[in-house]
Structure formats: C-alpha cells, structure tokens
J.: 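Could you have a look at this structure, given as structure tokens, before my questions?
In this text the structure is predicted, and so the values were computed from the model without any measurement. Side chains included, hydrogens not; waters and symmetry mates left out as well; all remaining heavy atoms used.
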Amino acid sequence: MSDWLFFIEVSLAGLGSGALLALAALAFVLIYKATQVVNLAVGELLMLGGYLFFAFAAGWGLPAWAAVPLAVIGGGLVGAVVERGIIRPMLGESAISVFMVTVGLGSVLIGLVELIWTADPRTLPAFISTKPLFLGEAYVSRKIAVAFAVAAVVIGIFLLLFRFWRGGVALRATATDQAAAYSCGINVPGVFSIAWIVGCATAAGAGILLGAIGGISPTMGVFGLSALVVVIVGGLDSILGALVGGLALGLIQSWTGTYLGGEYTNVVTFGILIVALMIRPYGLFGTHEIERL
Amino acid sequence: MTPGPAAGAARLSVEDVTLSFGGIRALGGVSFTAEPGSITAVIGPNGAGKTSVFNCISGFYRPSTGRILLDGENIGRLSPPKRAGLGMARSFQNIALFRGMTVLDNIKLGRHAHMKTNLLQALVYAGPARREEEALRQEVEERIIDFLEIDHIRNQPVATLSYGLQKRVELARALAMRPRLLLLDEPVAGMNREETEDMARFILDVKEEWGVTILMVEHDMGLIMDISDHVTVLNFGEVIAAGLPAEVQADPQVAEAYLGSGDPAELMRRLHREAAE
Amino acid sequence: MIIGTAKETYRADAALLTTRPQQTWTGVLALVLIALPFTLNDYWLYLVCLMTINAVAATGLNILTGFTGLVSLGQAAFMAVGAYTVAWMERDLGTPFPVNLVAGGLVAAGIGIVVGIPSLRVKGLYLAIATIAASFILHFLFVHWEAVTGGNTGINVAPARILGTELVSYFGLYWIIMPITVLMVLGAANLFRTRIGRAFIAIRDRDISAEVLGIPLLRYKLMSFAIASFYAGVAGGLWAYFFRVITPDSFPFMASVFLLAAIIVGGMGTIIGALLGAAFMTLVPELLRFVMDWASPWLPNATVLLSPVRTIVFGLLIIGFLVFEPQGLAEIIQRVRRFFRLWPFRT
Amino acid sequence: QEEEIVIGASLPLTGVFAFAGVAIESGLNDYITLLNEEGGIDGKPVRLVYEDTGYKVEQSLAVFNKITSSEDVHFYYGDSTGFAKTIGPEIERSGDMVLAGASFATELNDPEIHPHAFITGPDYSEMVEILLEYIAEESPGATVAMINSDTEFGRDPIERTKAKAEELGLDIVLEIVTAPGAVDVSTEVLKLRRSRPDYAIFHGYVLAPLPEFITQAKELGLETQFMGTFWSMDSKQWADVGEAADGYMGVMPYRYYHDTAEDAPMLDKIREMRGVYQHSGYMQGFLSAMLMTEATKRVMASGEELTGDTLKAALNSIQDFDTGGIIGVPISIPGNSVPVGRVYRFDAAAGEMMPVSDWITLGD
Amino acid sequence: MPADAILEVENIELVYNKSVQVLRGLSLRVPRGQIVALLGSNGAGKSSTLKAVSRLLSLENGELTAGRIRFDGQDTAGMQPHALVRRGLFHVMEGRRIFEDLTVEENLTAATFALSGRDLPRGGFDEVYGYFPRLAERRGTRAGYLSGGEQQMLAIGRALIAQPALILLDEPSLGLSPVLVEEIFTIIARINRDTGASMLLVEQNAAVALALSRYAYIMENGKIQMDGPSDRMIADQDVREFYLGQSDGAGARSYRDVKHYKRRKRWLS
Ligand SMILES: Nc1ncnc2c1ncn2[C@@H]1O[C@H](COP(=O)(O)OP(=O)(O)OP(=O)(O)O)[C@@H](O)[C@H]1O
Ligand SMILES: Nc1ncnc2c1ncn2[C@@H]1O[C@H](COP(=O)(O)OP(=O)(O)OP(=O)(O)O)[C@@H](O)[C@H]1O
Ligand SMILES: [Mg+2]
Ligand SMILES: [Mg+2]
C-alpha cells in the first residue's frame, strides 16, 4: 500500500473523529454563547446520552430510530432540570463559580451512572452497519463516516441559525449582561433554558455516536477534555471555531497517533492548546473581552 | 517618616501624542502642559479622547508617536507601575476600586509602589515588614482618612458604599500614592450639587495643602470654570482650544462642539412651552 | 457576651489574633495538635496526616485562586513535581530531608512560574484550561523521562531520617508534617498583612487598574504562581515521605479538582477556608464509609453503593456550597462566631 | 495464639474495576466458607475483613490502615498495582504480613525487592511469554504486533515481550501504544492493515476497545489472530460481544467456571455453591484464599509464629500442589508468582472459551 | 392631578440581601404622557426605586417586602421583567449597560425583542440613527469600544426601538458633555412629545430635570421628602441651595467659596 493512500486514510479517520470532537465542542459553545458558562460537565452529558440510548435500546429493546431521539430528548430534559435547579440560582455569580458548579455536576452524573448501571463498560447495540466504506481506494470506517455526516449537518444548521436568526443576538445579549437583556424584553430565563436544553441534547447525541464507536463507560467523559481543547483553540463563543478546531484537532491527533505513537496524542494536544493560547488568547474565532479603564 | 507628596509638584508635558485603535484614530497629535501646582482641565465632547490621553499618560496605552514628559524627562517608555513610582496617581472614569477589600486596604494599596517589603519578609512578618506596615497605617489614618473625612467607613468593604463615597475613596487611594501629579477622570460625574461641592473642596485642598499638580477631565462646566487654572479642549483627538477658563468658554468653536447653547435648563423650558402649545 | 475589644495601637489592630477568645482557642488548638498523635490509632492518624498535607496544598492554591483570582486546575501536578524532586534527591543524592523538601518546593515554584507565564495574556477560564494542559504535559514527562522519574514504575522513596532515626510510622511522620504545615499556614497569613498580599487581592479584583496603581502585573502573577506551587511542592514532598512511592498516577487530574473543591467548600480567599476545606473534603469520604456501615442492615448492598455515593456527594458538596453558601465553611464559622459574640442578643 | 485467622482485603467493589472486585470477593469468601465448614485451620476459623476502595489507591490505603489498626492481619489482599507499590515499604518494614492481590505487575515478581509479595498466577510479562511460546510452537517465525494501552498496566510487559520474542525467533513488526481514553481506533487499525501481522497481542485493556478493533480488522479482511491477557479473557464478557468475538484467543492461568474436566473437584464444589457463571476474577480470589490459608496452615503446623517471613517461606515451600483443578497441573511457587497458564480460544457458537493448548509452565 | 396614572407606586419597602433596607414606604405616581423627575443624593435609593418598578431587583438579591406597584392599572407583582418590557415599560439602566460584545446595530436588534406581539418600527433603525447620527457612523463597531457618550446614546436608542409607553431613565446625562446633555434632553422631550411616552426621570442635573419635568419628587434615605410641580420646586429655598447651588441671590455660587457654606439640609435631621 502506498504511503500516500495510508496518509489519506489516516487523515480521513482523523476528520471523522474530529467531527465528533466538533459536535461535543458545539455543546460547549451553545451553552457558553448564551450563559457564559463553560460547562465542564459536557463530557459527562455525553456519557449520559450514551447510557440513555443503552437503556432505551438494550434495556427496553426499542429500535434505534426510537431510541436515538428518545436519548437526545432525555439529554435535553436533563439540561432543563440542571438549568432550572442549579444554574439559574447562580445567575449573577462569577464565571468561575458557575464553572465549578458544572464540575460538581459532572461528578454527580458519574456517580448516578455508576449507581444505576455500575461502572462496567458496555457495548451499545449495533445500529450502524459495519460494512466498510471506501472513498476511492481509501478505507473509512462506516461508523466514523456516519458520525462525520451527522456532525456536519448539525453544525451546519446551527451556523445558519446564528447567521439568519434574531435569536442569536438574544443569546449573545443575555450572555453579556443579563439585567440589560431583561430590560430589552429578552426572556432571559427562557434563553437560559433553551441554551441548556439544546446544548445538553447535542451532547447526548454526540454521546450516542461516541458510544457506538467505542462503547460506553462512566469514564468516557474524559472525551470532554479534548472537546474543551477544541473550543479553547477555536474560541469559546464561536460555532465556526468548534467546527474548524474539531476537525483540526481530529487530524492532528490522528497524525500524532500514527506517526509518533498513541502516547504522544495528549502532549501534542495540550501543547497545541498552550501555543494557541499564547498566540490567540481568545481562540481563533473567539471574541476579545473588552477591557477599558 | 515623610508624609505627603514626594518632593513637590510635578510638571507634565504631553507632546504631539497620537494613538489609534485598529483603523480608528483616537488621538491625533495632542500637546499640552500642566504647570506645577496648578489645576489643568481637559474638556471635550464624548469620544474626543480625553480618557485615552489619561491612559497614555499613566501608561495603560502606548501612544504610537509623541512624548510624555514628567519634569522634563521622557517617561513614554516606562511601565505603568514605574510611572506610579514617580509620583503619578489617578482616579478612574468608571470607579475602579477593589471591591473585595475594605476602604483601608484600598487606600493602603495606593502606597504599594513606594514600599519595600519583599516576599521573605512578608512571609515572616517581622522587623522591616512590620515596621513598614505600621508606619503606613499611621500615615493613612492620620493624613488621608482624616483629611477626606472618611473615618467612619474605614473598615467597610467598598462594595457597600454609595457612589459619592466611592469616588472619595478613589481620591484617598490616589493620595496614598504620594502623588506629584494627580489625574482625575470625571471626579464629580453622577454627583448632585452638594456632593460636587464637597469634592471641589477636597480637590482645592489637595492642591493647596499637598502641593500637587492636578489634571482633570470633567463635563461639569460649572466646576471647571470655578476651580481650574487652565483648560485644554479636545475634539476628535485634537486640541482645538486652550487657555484660561473664561477664554475657552468664549471660544465659538468650543461652544459649538462642546458647550452647546449654554443653559440647558432654559432650553428645556422653551421646549416645554412649545410642547404645551 | 463578648464585646469588641478596643485597640489602642495600630499594631494591636493588625495582629493576627485580635481577641482574647481567639487567643484562647488558638492555645487550645495547639494543645490538641500536640496531643493528637498520642491518642489516635493509625487509621485516624493517617487521615490527619493526609488532611494536613492537603491543607498545605490547598493553602497554596488559595493564595493563587482565592486571593489572586488566577484559577488553576494544575495544583496536583505541582505537588507531583515536588514529590518527584524529593524522591529523586533521596534516591540519587541522598541529601537530608529538609533540604529535599525545600528543593521540592523550589523546583515546583520554578515550574509554576513557567506555567504562569500565559497568565499575563490569558484570563479566567482560559487560564484554568492552560493549567490543565500544563498538568497533562507534566504527566507525560513523568511517564517518559525515565532516567529521573522511573517512568511508569515510579520511584520508591527512602524514609525521611532525623537524627539517625527513620520516620516510617505515622506517629513519627506527624512530627514533621504538622509543624511544617503550621509554619506554612502562618506564612500565608502573614503574607496578607503586607503589600504583597494586598497586591494579590487587587489583581483578583481588577487587574488592569491594579497595574495603573503601580503593581507590576507579570511579576505579581508569577509570584503568586510561584508561591502556590512552592506550597504544592512542599506538600508533594511531604506526600512522598508519607506514601514512600510516587508514580505518574499518584496525582491524577482529579486531585487538582479535589483541591479546588476544597477551597470552594472551605471558603475562597480566607486562610482558614483552605484549612477547613482540606479537612472537610478529606474526611467526608471516610465518614461516608461509616455512614454506609451503619446503613448496611437496611441497605443490603451498602458496600457496593459506597463509591458512587461518594462521587455523588463530592459533586453535591461543590454544587451545594456554591449555590447556597458561596463563602464556604469559613463564613459559617464566622456566623457562629458572630452569634456567640452577640449572644444572648440575636441579630 | 490467635483465636481466629484474619485475612484483610482492600477490594474494588465499585468503580472501574468493580466487575473484578465483586467476583474476587465471592471467590475469597467461598473458599473461606468451604474451609471453615471443614473446621478452619487447625480448628481456628478464618475470617475475611474487607472494604470497598473504588479502585483508588488512597482509599485502599485508608482501608488498609483501618483494618490493620483494629485487626491482627498476616495476609492482605490488595486491589491494584499502585496500592501494592505504595504499601510495599510498610509491609517490608512491619514484616508481619504477606501481600497478595489483584495485581499481576511484573515489578512485584521480584523477591529481592518485594520479599513479602505474592502473585496468584503468572505476572503480566509471564502471561505474554506464555502466549509467545504458544505462537512459536504453532507457527515459528510468525510476525507479531504488540498493542498496549498507555498506562502503567499496559506498558508493564513491553520490555520482556520484545526480549522473549527475539529469543523465540518471532518478529515484532508493529508496536502500538493507544492513547489513554481513546475511543476511536480506526487509525490503529490502519496501521495494522499496513503491517499485516500474524498475531496481535493486546495488553492493558479489559474490553474496550478490543471488539471495535477486531470488528474493523475483520471488515478489512485482515487475518491477524488477536490475543489478550488475563483481565481481557473473561468468557461471559466476550459472549456479550457476540459474533466479532469468535476466534479471539488469550492466556488464562485458571480453568473457567464451565470447564468440565475430570480432575477438578473444586470446580464441582464451586458450581454447587454458585449456580451461575462466575467471572474469572472469582477463580483468582478463590485460589488466592486457598494458597494464603495453605501457607498459614503450614506455618502453624511447624509451630512458628505467623510473620511475613514465615508465611512467605511457607508459600515457597509449596511444591507440586494440587489446586483441586482450578489450575490443571500441580503447581509450585518458586518465587513470587505461579508461572502457569494455558491458551484459550473463544468459540462464539458455544459462547465459551475453549482450551487450545496444554498447560504451559514457564521455566520448564 | 388627573386620575389617569400610568405608574403608581404605593408604600414600597425594599430590602437587599435580606438585610439592608433601602426603601422605606416610598410612594409616587407618573401621570400618563407626562415626564416626572425623581431627585435625591447619592445612595438615596433612586436607582433602586426604578429597579423595583422594572422588577430587575431579583438579579441583585433585592426583594420588595411591602407595598404595591401598578403599571397601566395592573399590579406588577409576579410579572417577569421581560414581560413588563413587552407591555411597554422600558428601563434605561444606570451606567448605560449596553452589550459590549455586540455591535451597535446588534444592540438595537436586541431591543426589538421588546416589540414581541407588536409591529416593528416603521423606519426600522433609521429613526434612531436620525436622532443619533454618530451611532450610524459606528453601527458595525462593537459597542464596548464606544466612548461614554456614544454608549449613552445607544442606551437611549434601544429604548426608542421598543416604542414604550413608559420609560424609566436613570441618569441619562451621566458623563455626557454639555452639548450632548442638551441634545439628549431635547430628544427626550421630543420623544415625549412625539410618541406620548411617559417618563420617570432620575437625574443629578437638577436644573435640567426640573425644567424638563412637570412634576418632581425629592427623596432621601428611601423616602420621598418633598414633592410638587416642578416649577414650584425650582423656587424652593432648599432645592435652590442643595440641588441648584444657588445661594439666596439669583446666581450660582462659586465652587471656590463652598468651604464657607456648610448648611445642613433642613429636611434631614
Ligand atoms: N480600547 C479601545 N479600543 C478601541 N477604541 C477605543 C478604545 N478606547 C477608546 N477607543 C475609542 O477612542 C475614542 C476616544 O475614547 P475616550 O474614551 O478617550 O473618549 P473620552 O474623551 O474619554 O470620552 P467620554 O467623555 O465619553 O469619556 C472613542 O471613539 C473610543 O471609541
Ligand atoms: N445590589 C445591592 N446590594 C446591596 N446594597 C445595595 C445594592 N444596590 C444598592 N444598594 C444600596 O442601596 C442604597 C441605594 O442605592 P441606589 O443605587 O438605589 O441609590 P441611588 O439613589 O441611585 O444613588 P446614586 O445617585 O449614587 O446612583 C445604597 O446605599 C446602596 O449602597
Ligand atoms: Mg472618558
Ligand atoms: Mg443611581
């Protein structure tokens, strides 16, 4: 096999996992855009999505076309409850405090999953065909291809929404100044709820895809850290950043894994993060915080 | 112990300073001088670049060209803390007190650049560190807090104070910096007549008793006319007039760009009458 | 009823312990600390030592995050740096333990400074994430720099020796861990009586105006990082002597989260907060063990529930304190104190 | 002397290793129950005292301290390599107990450094060596890929694997170290496709991402034979994976629950006590309890005091010992480990692991 | 005064953080179509009163413990702040509070949410740009980079978009140059005249506020201390002394002389 073909295959695989990263990053971005909360529990919400799907598909024996939407809706519901229960009372508190609340939330979710499903890793019932897919001569795993397509469509929809929909302004206005948003007639609690519901549902959806590829376990939330790197590099409030950052990181991880070895992916990932932060402290596409005296 | 300003009032010259943000030119060659021991006012329409000039002087912005001279020495390259060490102190347009600290600590903080305690001394808190802290405490209490009549609030967290008092604490903190040059950005904005009078009294007293050069941005023309010795008018980042208060007020260009018809109350009454008809 | 004491000098007003009851209680606490190792069994003594080590690291983190406002999720990695330094010196140099501890602190401080460099450009959560990155990069070093760190296997640490005796029992170790902790906590308390501590707080509140007021930001932010990592390094060094082995997984990322949680629960930006938080967060999982023991007659599989319940309680504590008691345990203590001071008059 | 014999244990009943911890707990308890029904050791009952650790070193340590400060313990069962290494110095210092456990770390198998440690089976390197001996036997000169996770557990046998392969004339054509927490293995599979090894040996995983690996490799038409070590060899676990699991092989030091070999009276007893399949961790716990109590019995018979030294000497005195069929050959404990194992192959149709080799004892 | 009031505040008490009482039985009313001024020294509770009316208090841990507020004849208790805005009550908050990260234009777009259920403004944003040409020039700039005055214009511009029935204006002249103060007040008067919007105006510039308004309240320490038609207030001795800076004679006294004058307010004892 030629080196070039191999390189292309490796890159395609990287783009595929990059799309998953982008989807998870989108969950960060949606919530951040409206509430300025960096939700560190995105990884755990991903995990929850995987387990919900597992419960519906393996536990209740529902077919995939029913279990997938149910799990996504379930994720959204959890988002609504979390927003109502612990995020709204934190309105007006510092960003760091809310960030830490989500750290606590992550821990609670892990505990709950362990309590209900134990800590054993599990495999999701297969719902994506395993027939290999060839782009020309290059092999792509079908699951990865499906993940890529789903992520691309979802991100595309959100990009359009934010471009042409007035609600995007409401989201950002709310994030900047809640009192002022209220005074402009924006339904601030509503915006909060929507952002969390949609963000968590997105995370749950990403979790199903992730689980289909690698199985589910209470530790799969660490994936959230990679997605976090994506949003930091791409810019916390930029959907485009999530997309570009996700694909880029997917590629880079794939290349490092192949040419340097899997043990290097973390250093390289975080090394890139630090370099990116030094060059562009607010990410590639993020907005600068305005500081004036 | 040497209370008060470090060796006399300073002379500040701003020479041909320009500054731009991205494409926007905020300052286009501004020059003026603040004479030692005087009150110099900088006025001008909103967005004219007054705060930007202050930021250039205190080192928060780096002008693209021009010089800033303190007693004839170019300080344009010094970092803000170094400039503070030379006796430059300022208050901020949007109050910039440290909300997590008490009034006393806020004021003490002003002295930071003049203190010497190093990390090791601080961890042990014996000998020099303790002596320095005690001396500072005494001076702050006896000279500044007493002078500005804020003894009743010294241990309160600043976040709970009303706007007027916060402005006063800002002044106190600036005084703790042993200023030779004091920059005040809109010291009486948001104050009513009575509070403005108090502040005017403090500014005059600081000038006289502490012998400090004062540079002040303000929109309250009444105050400017009454207490300043010299006025510089900025518009679109350029000096359009300078001189004694009365001269500047009479300048038609200034009236047009900045002062308006002169008596807004009269204008309102007229509008009102029109509306009623 | 205790009424505020009138202070006659500025010095008295600035003292660390200003009231008679405060002095009394401090005396009592000192006696308790001395009596502890004679009364506790190994299990409790182990927990006390662990708590104390965590308290040092949390105090350091509190200086950085609680007082200077620079959020770090890398404190455990700095502990690891200290621990490795101590382990390496014990193994390859054989220097005495006080030297090793100080060196551990200094090396950690050095690394802390490097990690802190982005803090000038990068703020808030972006910085927190840079520290996460730093800790993963350090972890990589621990695994791969085998000559120094022993790779995945790690390093076994020889016991600390003092006057020819080896400190191997918890009883013996207590006598180095506790005094060092007391000294370091006192140092931190002193820091905030001086200009340096004030500068930190100013940076936390609003760094750009602090700069214009004469505080060199880079220098102080790095100083804060250095102090925090020094504390972490010493704590890590103590940890190394306490557990006597160090591997790359000794200080997982969760340990950094644990320390941050400890200062949140204890109270950010108060000296006592870090101590209370470290003690509380170390003890709660153990107390849950007893709770589950008691519950076992009613809950058939109580032992199997312990770990998930612990994970949940850990999360709930963080959430609960942030939502309902953002000032942490320190504030609760303050309220209790106010209550007794004003007692029998309620406010 | 003591009224009863106490065995202490830090068990991971929850957390990522709970599946094993729970099985080990049953195994330990069942053997001790059997023994006590027969009168214990010299009429003294044996008691297992344990608590959950959640597979966290600090928790294990807390449990250890809690148990040893209230009980007189001479045998302790630990839950992880990290714990074993951490508590090692304390065990050596106090000198009054032997440490067994769920860790098969190569490092613990050094009587010089860990004179009071004991592994109920081959260490991880020995496991891989058993596999390599099998490969060398079956297809001399075969090409082999090593796939290890980037953890202490995963990296454990790498050095010795390479050495052994060279000694046996096998060719290591690919070394893959997977990133911790990585879920997507497609790039690794691509590497595999490029070098097309005859065998690929996984180590450092429990289950994920092995099934995905195998599935993708099969999709691509690779004929590589995949193999694993003890913790990824449970029969039930592979049965859950389904079709993809067919043909997966690996090394197992014990017999499986459903093994109906004739010379295994203990397995019959186990099936009597437990009507359903037991995880292979159960066998490990069961055998650990057997060997620990056997050593205790030997020391007490000789009238010596129970200390780390005497117990360890008693363990090493075990020669050609019959485990009641848990292991299919008589065993000896020359050092810290029991270097015996057998290669099994998963049969998806039967849903069971089937032996494909004889018992292989290293060093023979 | 005519009975038809768009806003009636009756005996409200307000407590922050469950401990600090800021308003103590404050009452006032704004007749439909009129401008009413609310004056008072720093910390008197003016902004708090406005926040109580627009119900933005909850964001700052404030709570109304007594009293009633009626907007357009309806009790506002239990209403959400944004619902009030959509019914036509717009609060221009103290300190501008524009959305720094949004552009000028997006700031105006955000204000269109107040129109939900009603028609979009005819000229779109042009009316606002007509009043404030400077904003038109900078419509693509992020609002955080505007100067103080420009930001104030934007804040008022947002209110204009919302076409409210009542505007609460909190210190609109804060930090504005004299010519802009004039301009902004002229525009406020025009808006009042053109659209008939009622206004409750909090202002430190008492001269302007009294000239612009028909009726005025003066508050101290959370209570109304004085009220009356504005033209009568201008003539009051205390008001002249403390709010207009005029001593007995006609002209304003100089700030240079203030040291010698230190008379306590009569209503504060
Ligand atoms: N950091 C910055 N980035 C971009 N533009 C800026 C920045 N700071 C100021 N400007 C622009 O520079 C011009 C001058 O601003 P400046 O704040 O100096 O005005 P000012 O004279 O103080 O006005 P005001 O009286 O309203 O406070 C304004 O147009 C402003 O938008
Ligand atoms: N969020 C808050 N928490 C606690 N106290 C507050 C809060 N907001 C205001 N206060 C206090 O309530 C009092 C009244 O404040 P308010 O802002 O209403 O005064 P104001 O009349 O608008 O003053 P100014 O002219 O300075 O704007 C002040 O003493 C202030 O300290
Ligand atoms: Mg300005
Ligand atoms: Mg106000």
Side-chain angles (χ1 to χ4, degrees), chain C residues 40-47 49-50 53-54 136 139-140 142-144 146 150-159 166 168-170 239 241-255 258 282-283 285-286 288-290 292-293 301-311, chain D residues 11-18 21-22 25 50-59 61-71 80-94 105-108 110 113-114 148-156 158-159 177 179-181 204:
Chain C
L40 296 181
N41 71 16
D42 260 7
Y43 171 61
W44 288 106
L45 205 51
Y46 161 83
L47 285 178
C49 289
L50 197 60
I53 292 172
N54 283 337
F136 277 96
H139 183 269
F140 179 84
F142 299 149
V143 174
H144 291 268
E146 293 191 12
N152 269 308
T153 338
I155 308 180
N156 284 307
V157 185
E166 294 197 331
V168 279
S169 65
Y170 296 140
W239 193 99
Y241 283 119
F242 188 64
F243 288 102
R244 306 247 318 273
V245 64
I246 159 119
T247 70
D249 293 330
S250 299
F251 297 95
F253 171 61
M254 273 312 285
F258 170 88
T282 313
L283 278 183
E286 290 307 315
L288 280 177
R289 188 192 293 287
F290 289 98
M292 288 314 227
D293 273 356
N301 48 353
T303 38
V304 179
L305 298 183
L306 178 60
S307 165
V309 167
R310 264 187 197 155
T311 317
Chain D
L11 293 179
L13 299 177
T14 56
V16 289
F17 214 54
V22 174
E25 179 204 5
Y50 63 94
E51 277 187 36
D52 175 37
T53 64
Y55 203 55
K56 296 192 178 108
V57 173
E58 283 186 14
Q59 294 299 338
L61 213 55
V63 169
F64 176 88
N65 286 317
K66 187 169 171 221
I67 291 174
T68 52
S69 57
S70 56
E71 305 278 356
S80 65
T81 311
F83 170 74
K85 287 201 315 204
T86 307
I87 202 64
E90 171 61 18
I91 301 268
E92 305 315 337
R93 183 189 68 81
S94 75
T106 307
E107 193 195 340
L108 298 177
D110 184 344
I113 300 175
H114 297 278
N148 300 68
S149 70
D150 187 18
T151 56
E152 179 180 16
F153 172 32
R155 296 175 154 272
D156 182 292
I158 291 181
E159 290 309 311
V177 176

J.: Answer with side chain, backbone, both or neither: which region of C:L50 has an atom nearer than 4.5 Å to a non-hydrogen atom of chain D?
T.: side chain

J.: Hey, which of D:D156, D:T86, D:I113 has the most heavy atom pairs under 4.5 Å with chain C?
T.: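 Option with the top pair count is D:T86.
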
J.: Roughly how far, to the nearest 0.5 Å, is OG of D:S69 from CG of C:N41?
T.: 4.0 Å

J.: Please examine the side chains of D:E58 and C:Y46, heavy atoms only from C-beta on, and report whether any two atoms are closer than 4.5 Å.
T.: yes

J.: Please identify each residue that fulfils side chain to side chain donor-acceptor pair (under 3.5 Å) with C:E286, with sequence neighbours left out.
T.: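 For C:E286, the residues satisfying side chain to side chain donor-acceptor pair (under 3.5 Å) (neighbours in sequence not counted) are C:Y43, C:R289.
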
J.: Answer whether the closest heavy-atom distance between the side chains of C:N152 and D:F153 falls below 4.5 Å.
T.: no

J.: State which residues pass side chain to side chain donor-acceptor pair (under 3.5 Å) with D:E71; sequence neighbours excluded, sorted by chain then number.
T.: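 Scan of D:E71 (side chain to side chain donor-acceptor pair (under 3.5 Å), adjacent residues dropped) gives D:R47.
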
J.: Any heavy-atom pair between the side chains of D:N65 and C:W44 that's under 4.5 Å?
T.: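 In short, these two side chains do not touch, never coming nearer than 4.5 Å.
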
J.: For a side chain to side chain contact (heavy atoms under 4.5 Å, CB included) with C:V168, tell me which candidate from D:E90, D:E92, D:R93 qualifies.
T.: D:R93

J.: So which part of D:T151 gets closer than 4.5 Å to some heavy atom of chain C, the side chain, the backbone, both or neither?
T.: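 Answer is backbone: N, CA, C or O of D:T151 sit under 4.5 Å from chain C.
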
J.: Let me know if C:H144 has heavy atoms under 4.5 Å from chain D in its side chain, its backbone, both or neither.
T.: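 For C:H144, the side chain is the part near chain D, not the backbone.
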
J.: Tell me, side chain or backbone of C:P159 under 4.5 Å from chain D's heavy atoms, or both, or neither?
T.: neither

J.: Can you confirm if the NZ or CZ of D:K66 lies within 45° of the ring axis of C:F290 and under 6.0 Å from the centre of its six-membered ring?
T.: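 Yes.
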
J.: Heavy-atom pairs under 4.5 Å with chain C: which of D:P89, D:G54, D:G82, D:A62 has the most?
T.: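 Maximum pair count with chain C is reached by D:A62.
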
J.: Where does D:Q59 contact chain C at under 4.5 Å (heavy atoms): side chain, backbone, both or neither?
T.: both

J.: Which region of C:N156, side chain (C-beta onward) or backbone (N, CA, C, O), has a non-hydrogen atom less than 4.5 Å from a non-hydrogen atom of chain D, or is it both or neither?
T.: side chain

J.: Taking C-beta and beyond as the side chain, do D:R155 and C:V143 meet within less than 4.5 Å on heavy atoms?
T.: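 When only atoms from C-beta onward are counted, C:V143 and D:R155 do touch, with a gap below 4.5 Å.
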
J.: Where does D:I67 contact chain C at under 4.5 Å (heavy atoms): side chain, backbone, both or neither?
T.: neither

J.: How long is the straight-line distance from CZ of C:R244 back to CD1 of D:I87, given to the nearest 0.5 Å?
T.: 10.0 Å

J.: Using non-hydrogen atoms only, which part of C:T153 is less than 4.5 Å away from chain D: side chain, backbone, both, or neither?
T.: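 For C:T153, heavy atoms of backbone and side chain both lie under 4.5 Å from chain D.
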
J.: Taking atom CE of C:M292 and atom CD of D:E51, what is their separation to the nearest 0.5 Å?
T.: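 Between C:M292 CE and D:E51 CD, I get 12.0 Å after rounding to 0.5 Å.
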
